[in-house]
Participant: 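My questions will all concern the structure given below.
Since the model is a prediction, treat every value here as computed from it, not as a measurement. Numbered from 1 within each chain, the chains take letters A, B, ... in sequence-line order.
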Amino acid sequence: MTFPWHQGRGIPMPTCRELKPVIIEVLAAALADALSELGIDVAPSEIHMERPAHREHGDWSSNVALVVSKKAGREPRELAADLVKTLESTSDAQIQRLEVAGPGFVNFHLSSQWLHDVLIDVVSQGENGYARSEIGNGQSINLEFVSANPTGPLHAGGGRWGAYGDSLARIFRRCGYATFTEYYINDRGLQTELFGASLLARRDGTELPEDGYAGEYVAEWASEMPADVDPVEWGSERALADVRQSLASMNVTFDHWASEKALIDSGAMETALEALRAGGWVDDSDGATWLRTSEFGDEKDRVLVKSDGAPTYFAPDIAYHHQKFDRGNLVIDVLGADHHGYVPRMSAALQMLGHQAASYEAIIGQNVTLVRRGKEVKLSKRTGTMVEVRELLEAVGPDVARFAYLLQSIDTRQTIDIDMLSSQANENPVYYVQYAYARIASVGREADNRGITRSPLIETDPTLLTHERELELLRALSTLPETIEMAARDRAPHKISTWIRELAAAFHGFYHDCPVLRSDVESDLQQARLWLVESARVGFSIGLELLGLTAPEEM
RNA sequence: GCCCUCGUAGCUCAGGGGAUAGAGCAGUGGCCUCCGGAGCCAUGAGCGCAGGUUCGAAUCCUGCCGAGGGCGCCA
C-alpha cells in the first residue's frame with residue numbers, strides 16, 4: 001500500500017533548475033549538438049552529466065550514448081565514438097581530452113578552469129550566498145519535531161529528533177523555504193496527570209499511582225515542588241524547562257511552542273470537531289465520539305472523545321495540525337518509529353478538513369538508544385539502559401553529541417555508546433572537521449603576524465592552483481550546492497555531515513602538501529592559496545552552520 | 001497475522017540506476033629543519049539469501065531469512 005505521506009518525501013520539490021557547476025550545461029549542450037548532427041534529438045536538459053567515481057575516468061562523464069542507443073538503433077560504444085569524433089571537431093577549449101569508456105560512457109577530461117571558476121564563485125558569493133538555493137522560493141514549511149511529553153527529562157530519541165529537525169530547518173531555509181519550527185507540548189491528558197500524581201506521591205511519601213512515574217528525577221523534582229501549586233501544571237512546566245534547557249545546550253531552538261491545553265481552552269479543538277461533524281465524518285457509539293478515519297486508509301476508526309467525556313490525544317492534535325497550515329503550506333512532523341501508526345489517522349483527519357494529502361508529511365525516524373558499556377561486558381550481549389540526553393551532553397559536549405546524531409541516516413536505528421564516544425574524544429569526527437576550521441583561522445592569524453595580506457581577488461591568478469590537492473579541495477567545494485539541495489529533498493541532514501568530512505579530508509590533504517605562508521612560496525602562488533583557504537573557510541562555515549555546530553577559531 | 005524501517009569491512013556507518021562499492025575506529029608499517037601531528041601516506045577484509053526489471057542493481061520490484069518498531073477510549 002502506498003500512502004500519500006510517503007510520496008511526500010519527494011513532493012512540492014519544484015522543477016527549478018538545480019544548482020550545478022556551469023560547465024555541465026556547456027558540456028550537455030555540446031553533447032546535444034553532437035547528437036543532433038548525428039540525427040538524434042535530445043534536449044540538453046535530458047542529458048545527465050555524472051562525476052565519475054574514479055579520477056582516471058575524467059572530470060565529467062555522460063551516459064547519453066547508453067540511454068539513447070536503443071532509440072537510435074545504434075551500439076552504445078559505436079555511438080559514443082561518433083559523439084567523441086563530432087565533439088572533437090567543434091570542441092570547447094576547456095576540453096582537453098575525450099574518450100569512450102566502459103559500456104559506452106563519454107568521458108570528459110577538462111582543463112582545471114572550471115575548478116578555478118568554483119573558487120571565484122565561492123569567495124565572491126561568500127558564506128551567505130554560495131550554495132544558497134532557490135528551489136523553495138514561494139513555499140513555506142511548518143516543521144514540528146521533538147514534542148516529547150513534559151513528564152521527564154529529554155531522552156535519547158528526543159536528542160536525535162532535536163538535532164535532526166533543527167538541521168533540517170536550517171537546510172530548508174538555505175534552499176529558500178520559509179520555515180517555521182514548532183514543539184507541541186502535551187500539557188494535558190492522562191500522562192501529565194499521572195506525572196503530577198507521581199510528583200505528589202513522592203513529595204508526600206505516599207504510594208505511587210498505578211502506571212505512575214518511577215524515575216529518580218521524580219523524587220528530586222518533587223522535593224522542589226511548592227506546597228500550594230497544581231502538581232500537574234507545575235510538573236509540566238518543570239519538565240518542559242528541563243527539556244528546553246537540554247535542547248538549547250545542543251543549539252536546538254524553536255520558533256513556536258504550542259500548548260495542547262491552550263488549544264482546548266481557546267475552543268480551537270471544539271471548532272475543529274464541529275467542522276468534522278459538519279462534514280459527516282463523526283459517529284457516536286459506545287458512549288464515545290469516533291472519527292471515521294478508515295475511510296481514508298486508516299486501519300480502523302479512532303476515538304476523539306472518550307466515554308468519560310475527556311478528549312483523546314488525537315482530538316486537540318487535529319486542531320493543532322489544522323492550525324499549523326496557517327504557518328506553512330507544507331506541514332511536516334518528525335516522529336519516532338513508535339508513533340508511526342499514528343500517521344494514517346492524522347492524514348485522514350486533515351483530508352476531512354479539506355487539506356491535500358500531499359500537504360502533510362510525516363518523517364519517521366528510527367529509534368535511538370544510548371548505552372554505557374563497561375569493560376567487563378565488552379564481549380557480552382549488550383545490556384544497554386536508556387539514559388538522558390543530559391548525560392550524553394555532559395560526557396562529550398554538545399558538538400560531539402550533535403554530530404554523532406547527524407552522522408547517520410534517520411532511517412536507521414542508532415546506538416550511541418557514551419563510553420566509546422568519550423574514549424575516542426580526540427579521534428571524534430567532529431574534531432577532524434573543526435580542526436580543519438581552526439587551522440584555517442590559524443593561517444589567518446599567522447598571516448597577520450607576518451604582515452601578509454590578501455590582495456584583491458581580481459588581482460589573483462587562480463590558474464596557479466594546479467596541485468592535485470588544491471584541485472581536490474575545489475572539487476569538494478563544487479559539490480556543496482547540489483549536496484544541500486539533495487539534503488533538503490531527501491530530508492537528510494546527514495548528507496551534509498558526509499560532505500563536510502570530505503571537505504575536511506580535502507583540506508587536511510592540501511594543508512599537508514601545499515604550504516601557504518612559508519617563505520619559499522612564490523608570492524603569486526601564495527595569494528592564490530590564500531584565496532583557496534578562504535574558499536575552504538566559506539565551505540566549512542556554511543556546512544557547520546547547517547549542522548548547528550560551532551566553528552572554533554582555535555582548539 | 002498485517003503495516004513501517006533496516007541488513008554493506010572485525011566495529012560504527014556513507015554510498016543520486018553507472019565503470020574498480022567508500023570513510024572513521026580497531027590492526028600493521030611509514031612521515032616532524034618549514035603555516036597547528038586533533039594531521040598526512042601506505043596496507044588487509046564486505047553489499048543477508050533467491051529470483052525479476054535493465055545495456056547496467058548495494059540502489060528499483062517480488063519472495064524468503066534476520067533485527068527493531070507499530071497494530072489502545074495511552075501519547
Side-chain angles (χ1 to χ4, degrees), chain A residues 1 3 6 48 50-54 56-57 61 63 65-67 69-70 75-77 101-105 107 147-149 151 186 189-192 194 211 286-290 299-300 302-308 310-314 317 336-344 364-367 369 404 407-417 420 424-429 431-432 434-436 438-439 441-447 449-450 452 469 482-483 486 489-490 494-495 497-498 501-502 504-505 507-509 511-521 529 533 554-555:
Chain A
M1 179 155 20
F3 294 114
H6 294 130
H48 295 285
E50 302 170 10
R51 300 171 190 267
H54 303 278
E56 58 271 33
H57 290 145
S61 173
N63 63 355
L66 291 155
V67 173
S69 71
K70 187 170 275 182
E75 280 298 313
R77 277 196 68 100
F105 292 104
N107 291 345
S147 300
N149 284 352
T151 54
N186 315 130
L190 185 58
Q191 295 305 320
T192 47
L194 275 170
D211 297 323
D286 303 330
T289 305
W290 298 73
E299 287 174 357
K300 48 176 287 193
R302 307 291 171 175
V303 172
L304 293 169
V305 183
K306 299 188 269 184
S307 49
D308 68 2
T312 58
Y313 174 85
F314 187 34
D317 202 24
D338 53 342
H339 287 65
H340 166 255
Y342 187 73
V343 180
I364 307 301
Q366 295 304 304
N367 293 334
T369 323
L407 227 31
Q408 204 171 320
S409 157
I410 203 73
D411 288 332
T412 63
R413 223 178 340 135
Q414 185 170 42
T415 301
I416 294 182
D417 188 320
M420 195 136 79
Q424 290 175 355
N426 281 1
E427 314 281 330
N428 195 278
Y431 295 136
Y432 184 72
Q434 291 180 320
Y435 184 52
R439 276 182 148 176
S442 167
V443 169
R445 287 190 299 268
E446 186 59 24
N449 286 344
R450 300 187 188 195
I452 298 170
R469 298 289 211 174
E482 64 207 66
T483 301
M486 237 191 307
R489 190 197 60 211
D490 297 342
H494 77 277
K495 287 177 192 284
S497 306
T498 304
R501 294 174 78 180
E502 284 166 8
F507 181 80
H508 285 307
Y511 187 87
H512 185 267
D513 286 358
C514 304
V516 180
L517 301 176
R518 223 166 61 183
S519 53
D520 57 347
V521 178
R529 284 183 173 165
V533 169
E554 50 190 19
M555 295 172 65

Participant: Mind checking what makes side-chain contact (heavy atoms from CB on, under 4.5 Å) contact with A:Asn149, not counting sequence neighbours?
Facilitator: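 A:Thr151, A:Asn186, A:Gln191.
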Participant: Among residues at least two apart in sequence or on other chains, which ones pass salt bridge (Lys or Arg N to Asp or Glu O under 4.0 Å) with A:Asp286?
Facilitator: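 With neighbours one apart ignored, the set is empty.
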Participant: With sequence neighbours left out, write down each residue that passes side-chain contact (heavy atoms from CB on, under 4.5 Å) with A:Glu554, or none if nothing qualifies.
Facilitator: A:Arg445
Participant: When you compare the protein's N or O atoms with those of nucleotides 44-47 of chain B, which come within less than 3.5 Å of each other, and at what distance?
Facilitator:
none

Participant: Out of B:rC35, B:rG15, B:rA75, which has the shortest distance to the side chain of A:Asn149?
Facilitator: B:rA75
Participant: Students often get this wrong, so: under 4.0 angstrom with heavy atoms, is A:Arg529 touching a base, only sugar-phosphate, or nothing?
Facilitator: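 Nothing: the residue A:Arg529, judged by heavy atoms under 4.0 Å, touches no strand.
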Participant: My understanding is that only residues two or more places apart in sequence, or in another chain, count here; which of them pass ring pair (Phe, Tyr, Trp, His ring centres under 6.0 Å) with A:His57?
Facilitator: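 Scan of A:His57 (ring pair (Phe, Tyr, Trp, His ring centres under 6.0 Å), adjacent residues dropped) gives A:His54.
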Participant: Could I get the full list of salt bridge (Lys or Arg N to Asp or Glu O under 4.0 Å) partners for A:Arg469, not counting sequence neighbours?
Facilitator: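 Partners of A:Arg469 by the salt bridge (Lys or Arg N to Asp or Glu O under 4.0 Å) criterion, ordered by chain and then number, come out as A:Asp513.
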Participant: Taking the six-membered ring for Trp, are A:His508 and A:Tyr432 parallel (under 30°), tilted (30 to 60°) or perpendicular (over 60°)?
Facilitator: tilted
Participant: Would you mind classifying the nucleic acid contact of A:Ser61 as base, sugar-phosphate or nothing, using non-hydrogen atoms under 4.0 angstrom?
Facilitator: base
Participant: Tell me every residue that passes side-chain contact (heavy atoms from CB on, under 4.5 Å) with A:Arg51, counting only those two or more places apart in sequence or in another chain.
Facilitator: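 A:Arg51 satisfies side-chain contact (heavy atoms from CB on, under 4.5 Å) with A:Pro21, A:Trp60, A:Trp114, A:Ser478, A:Thr479, A:Glu482 once adjacent residues are dropped.
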Participant: Among B:rC35, B:rC25, B:rA19, which nucleotide has an atom closest to any side-chain atom of A:Pro52?
Facilitator: B:rA19
Participant: For RNA chain B, which consecutive runs of 3 or more Watson-Crick or G-U pairs (each distance under 3.5 Å) count as stems?
Facilitator: B:1-7 with B:65-71, B:10-13 with B:22-25, B:27-31 with B:39-43, B:48-52 with B:60-64
Participant: Return no unless some side-chain N or O of A:Thr498 is found under 4.0 Å from OP1 or OP2 of B:rA14.
Facilitator: no
Participant: Within the structure, does a side-chain N or O atom of A:Arg51 lie under 4.0 Å from either OP1 or OP2 of B:rG16?
Facilitator: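 False: A:Arg51 side-chain N/O out of range (4.0 Å or more) of B:rG16 OP1/OP2.
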Participant: Which of the following nucleotides, B:rC40, B:rA23, B:rG22, is nearest to the side chain of A:Tyr432?
Facilitator: B:rC40
Participant: I want to check something: taking the side chain as every heavy atom from C-beta on, are A:Val343 and A:Ile364 in contact at a cut-off of under 4.5 Å?
Facilitator: yes
Participant: Select base, sugar-phosphate, or nothing to describe what A:Glu75 touches, counting heavy atoms under 4.0 Å on all strands.
Facilitator: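 Here A:Glu75 touches no strand at all.
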Participant: Restricting to salt bridge (Lys or Arg N to Asp or Glu O under 4.0 Å), what partner residues turn up for A:Glu299, sequence neighbours left out?
Facilitator: none
Participant: From the list B:rC6, B:rU5, B:rG15, which nucleotide is the closest neighbour of the side chain of A:Gln366?
Facilitator: B:rU5
Participant: Can you give me the N/O atom pairs linking the protein to nucleotides 70-74 of chain B at distances under 3.5 Å, or say none if there are none?
Facilitator:
| from | atom 1 | to | atom 2 | distance (Å) |
| --- | --- | --- | --- | --- |
| B:rC71 | O2' | A:Glu299 | OE1 | 3.0 |
| B:rC73 | OP2 | A:Lys300 | NZ | 3.3 |
| B:rC73 | O2 | A:Ser307 | N | 2.9 |
| B:rC73 | O2 | A:Ser307 | OG | 3.0 |
| B:rC73 | N3 | A:Ser307 | OG | 3.2 |
| B:rC73 | N4 | A:Asp286 | O | 3.1 |
| B:rC74 | OP2 | A:Lys306 | NZ | 2.9 |
| B:rC74 | O2' | A:Gln191 | NE2 | 2.6 |

Participant: Pick base, sugar-phosphate or nothing for A:Pro103, based on heavy-atom distances below 4.0 Å to the nucleic acid.
Facilitator: base
Participant: Quick one, give me the B/S/- string for nucleotides 56-61 of chain B, reading 5' to 3', where B means a protein heavy atom under 4.0 Å from the base and S means that only happens at the primed atoms, P, OP1 or OP2.
Facilitator: ------
Participant: Using atom types as modelled and distance alone, determine if a side-chain donor or acceptor of A:Glu446 lies under 3.5 Å from a backbone N or O of A:Ala441.
Facilitator: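 No; zero donor-acceptor contacts below 3.5 Å.
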Participant: Can you list everything that forms a salt bridge (Lys or Arg N to Asp or Glu O under 4.0 Å) with A:Asp338? Sequence neighbours excluded, please.
Facilitator: none
